[in-house]
Student: 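Got a structure for you, written out below as C-alpha cells; questions coming shortly.
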Amino acid sequence: MAKIALITGATSGIGEACAHIFAQNGYNLVLVARRTERLAKISHHLEDKYAITIKQVIADVREKESLSEVLEALSSDWKNVDVLINNAGLSQGLDPIDKGNTDDWDTMIDTNVKGLLYVTKIVSNWMISNKAGHIINIGSIAGQEVYPNGNVYCATKHAVDALSKSMRIDLLQHNIKVTAINPGMVETEFSVVRFKGDAERAKNVYAGLEPLIADDIADAIWYVVSRPSHVNINDMLIMPTAQATATLINRN
Ligand code: NDP
Ligand code: 8X3
C-alpha cells in the first residue's frame with residue numbers, strides 16, 4: 001500500500017516542492033491550503049504525472065474548529081498518515097517592536113505556532129494509533145537567531161524549535177520521529193507575503209546572492225524521511241552558501 005504524507009501550505013514554495021518530491025516517490029498526499037484553485041491545479045498535475053492519489057483539503061490552519069472537522073472527516077484510509085510536514089507559515093511586516101502591527105503579530109502567532117499545534121494534535125493521534133510516524137516541522141534560521149525587526153516572526157520560529165524538541169520527547173514512546181528543518185533564505189512567495197504584495201521589495205531581499213530554492217529544502221526533507229526506520233535526523237540548518245548568519249550575507 002502506498003504511504004501517505006500530509007503537507008500543510010502545499011500551494012506554494014516549500015510545501016509545493018515537497019508535494020512534488022513525495023509524489024515522485026509514490027506517496028499519496030493529503031494537501032492542505034486555503035487557495036482552492038491553486039491546490040486543485042497542483043493536485044491534478046501531480047496525480048496525472050505520477051499516478052498517485054491526492055486528497056485536497058481546503059482549510060485555514062488557524063481555524064481550530066473547521067480544521068478539525070475537515071481533517072476528522074477524512075476516511076480511515078486517509079488517516080494512515082506516515083509523514084506530516086508542518087510547513088504552512090508566514091511572516092507579515094518587518095518593523096521594530098514599537099511600530100509593529102498587532103494584527104500581523106496575531107496572524108503570525110496564530111498560523112506559525114497555534115496552527116502547527118492544531119494540526120499536530122490531530123495527526124499525532126492518528127500516528128499513535130498506527131504506532132509509527134514522522135513529523136517534520138519547518139522552522140527557520142529565524143528560530144535559531146533573531147535579527148533586527150524580525151521580533152515576532154523570530155519568536156514564532158523559536159517556538160517551533162521548542163515545540164519540535166518537546167514533541168520528540170512526548171512522542172518518543174509512540175515510535176514517532178520528529179525532525180526540525182531550519183532553512184535560511186529561500187526564494188518563494190515568502191517575501192511577497194511578508195511585504196504584502198510589494199514584489200520589488202521582495203525581490204530586493206535576494207538581490208546579489210544565490211538564495212536557496214524550494215526544491216533544495218524538499219530534497220533535504222526527502223533525505224530525512226528516507227533514512228532507515230532506526231535513524232532520526234533531529235534537525236537540519238540549511239543555508240545558502242552566500243549566507244553565514246541571518247544577517248551576514250555575501251552580496252555581489
Ligand atoms: P510561501 O508563501 O511560498 O508558502 C506558504 C504556504 O503556506 C502557502 O502554500 C500558503 O497557502 C500556506 N499558508 C499560509 N497561511 C496558511 C494558513 N493560515 N492555513 C493554511 N495554509 C497557509 O512560503 P514558503 O514556502 O517560503 O514558506 C513555507 C514555510 O517555510 C513557512 O513556515 C516559512 O516560515 C518557512 N521558511 C521560509 C523561509 C524562506 O526564506 N522562504 C526560510 C525559513 C523558513 P495558502 O495561501 O493557499 O493558504
Ligand atoms: C525565513 C527566513 O531570514 O527571513 O524564515 O527569517 S528569514
Side-chain angles (χ1 to χ4, degrees), residues 1-10 14-15 17-33 43 46-47 50-57 59 61 64-89 112-139 159-182 217-236:
M1 214 169 62
K3 289 190 171 180
I4 297 176
L6 188 154
I7 304 169
T8 66
I14 295 168
C18 287
H20 275 264
I21 203 160
F22 278 78
Q24 195 178 359
N25 284 283
Y27 272 66
N28 289 330
L29 302 173
V30 182
L31 300 183
V32 181
S43 301
L46 294 177
E47 284 180 325
Y50 298 113
I52 52 135
T53 308
I54 295 181
K55 188 59 90 176
Q56 298 171 44
V57 174
V61 297
K64 185 164 49 174
E65 307 299 339
S66 53
L67 175 78
S68 173
E69 265 170 39
V70 73
L71 287 179
E72 292 296 5
L74 292 170
S75 66
S76 56
D77 283 355
W78 280 107
K79 291 180 180 167
N80 290 321
V81 170
D82 297 281
V83 178
L84 163 63
I85 306 182
N86 275 319
N87 164 76
N112 301 358
V113 183
K114 292 165 71 180
L116 179 145
L117 282 168
Y118 300 151
V119 174
T120 302
K121 170 94 192 281
I122 295 165
V123 178
S124 63
N125 275 286
W126 302 344
M127 288 176 167
I128 288 169
S129 301
N130 293 336
K131 298 184 174 59
H134 195 160
I135 298 173
I136 309 280
N137 291 328
I138 309 300
V160 172
D161 187 52
L163 289 169
S164 296
K165 290 170 179 153
S166 301
M167 288 178 198
R168 196 173 301 118
I169 293 168
D170 294 350
L171 300 174
L172 175 69
Q173 62 182 311
H174 300 294
N175 191 37
I176 295 172
K177 299 186 189 187
V178 179
T179 301
I181 298 287
N182 299 311
I217 305 304
D219 185 48
I221 291 171
W222 178 252
Y223 172 79
V224 163
V225 164
S226 57
R227 293 312 83 210
S229 62
H230 69 287
V231 177
N232 183 47
I233 307 222
N234 281 3
D235 46 56
M236 265 192 185

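Quick note: residue numbers are just sequence positions, from 1.
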Student: Under the side chain to side chain contact (heavy atoms under 4.5 Å, CB included) rule, what do Ile221 and Phe22 come out as? Steps first, then yes or no, please.
Tutor: CA-CA 10 Å; Ile221 291 171; Phe22 278 78; 4.0 Å; yes
Student: With the side chain counted from C-beta on, respond yes when Leu84 and Trp126 share a heavy-atom pair under 4.5 Å apart, and no when they do not.
Tutor: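 Result no, sub-4.5 Å side-chain heavy-atom pair not found.
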Student: Looking at every non-hydrogen atom in both residues, tell me the closest pair between Leu74 and Lys79 and how far apart they are.
Tutor: O-CE, 3.2 Å
Student: Drop me the distance from Asn86's CG to Thr120's OG1, to the nearest 0.5 angstrom.
Tutor: 4.0 Å
Student: Within the distance-only criterion (no hydrogens, no angle test), does the side chain of Asn28 pair as donor or acceptor with the backbone N or O of Ile54 below 3.5 angstrom?
Tutor: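 No, the answer is negative, given that no donor and acceptor are paired below the 3.5 Å cut-off.
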Student: Look up atom OG1 in Thr53 and atom CH2 in Trp78, then write down how far apart they are to the nearest 0.5 Å.
Tutor: 5.5 Å
Student: With a 3.5 Å distance limit and no angle check, can you tell me whether Lys177 reaches the backbone of Val231 through a side-chain donor-acceptor pair?
Tutor: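 It does hold such a pair.
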Student: Is there side-chain contact between Glu72 and Ile122, with heavy atoms separated by less than 4.5 Å?
Tutor: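 In short, these two side chains touch, coming nearer than 4.5 Å.
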Student: With no hydrogens and no angle check, just 3.5 Å: does a side-chain donor-acceptor pair link Asp235 and Ser164?
Tutor: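 Looking only at side-chain atoms, Ser164 and Asp235 do not form any donor-acceptor pair under 3.5 Å.
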Student: So which atom in Gly139 and which in Val160 form the shortest heavy-atom distance, rounded to 0.1 Å?
Tutor: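 The pair with the smallest heavy-atom distance is CA-CG1, 3.9 Å.
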Student: Say whether, by atom type as modelled, one donor and one acceptor occur between the side chain of Asp82 and the main chain of Ile4 under 3.5 angstrom.
Tutor: yes
Student: List the steps, then state whether side chain to side chain contact (heavy atoms under 4.5 Å, CB included) holds for Leu171 with Met127.
Tutor: CA-CA 10 Å; Leu171 300 174; Met127 288 176 167; over 6 Å; no
Student: Which value, rounded to the nearest 0.5 Å, describes the distance between Leu6 atom CG and Ile136 atom CD1?
Tutor: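 Going from the CG atom of Leu6 to the CD1 atom of Ile136 covers 12.5 Å.
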Student: Nearest heavy-atom pair of Asn232 and Arg168: which atoms, and what distance?
Tutor: ND2-NE, 4.0 Å
Student: How close do Leu29 and Ala19 get, heavy atom to heavy atom, and via which atoms?
Tutor: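 In terms of heavy atoms, the two residues are closest at CD1-O, 3.5 Å.
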Student: Between Leu71 and Tyr118, is a side chain to side chain contact (heavy atoms under 4.5 Å, CB included) present by the stated rule, with each step listed?
Tutor: CA-CA 11 Å; Leu71 287 179; Tyr118 300 151; over 6 Å; no
Student: From Ser124 OG over to Met167 CE, what is the distance, rounded to the nearest 0.5 angstrom?
Tutor: 8.0 Å
Student: Any sub-3.5 Å donor-acceptor pair from Asn175's side-chain atoms to Ala132's backbone N or O?
Tutor: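 Side chain of Asn175 to backbone of Ala132: no pair is present.
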Student: Give me the atom names and distance for the closest heavy-atom approach of Met236 to Val224.
Tutor: CE-CG2, 3.7 Å
Student: Might you point out which heavy atoms bring Gly89 and Asn112 nearest each other, and give the distance in Å?
Tutor: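 That would be CA-OD1, 3.2 Å.
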Student: Among Ile7, Ile85, Asn87, find the one that has a side chain to side chain contact (heavy atoms under 4.5 Å, CB included) with Ile14.
Tutor: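 Only match with Ile14 under side chain to side chain contact (heavy atoms under 4.5 Å, CB included): Asn87.
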Student: What distance separates Lys64 NZ from Lys121 NZ, expressed to the nearest 0.5 Å?
Tutor: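 One finds 9.0 Å between NZ of Lys64 and NZ of Lys121.
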Student: Please report the interatomic distance CD1(Ile176) to CG(Asn130), rounded to the nearest 0.5 Å.
Tutor: 9.0 Å
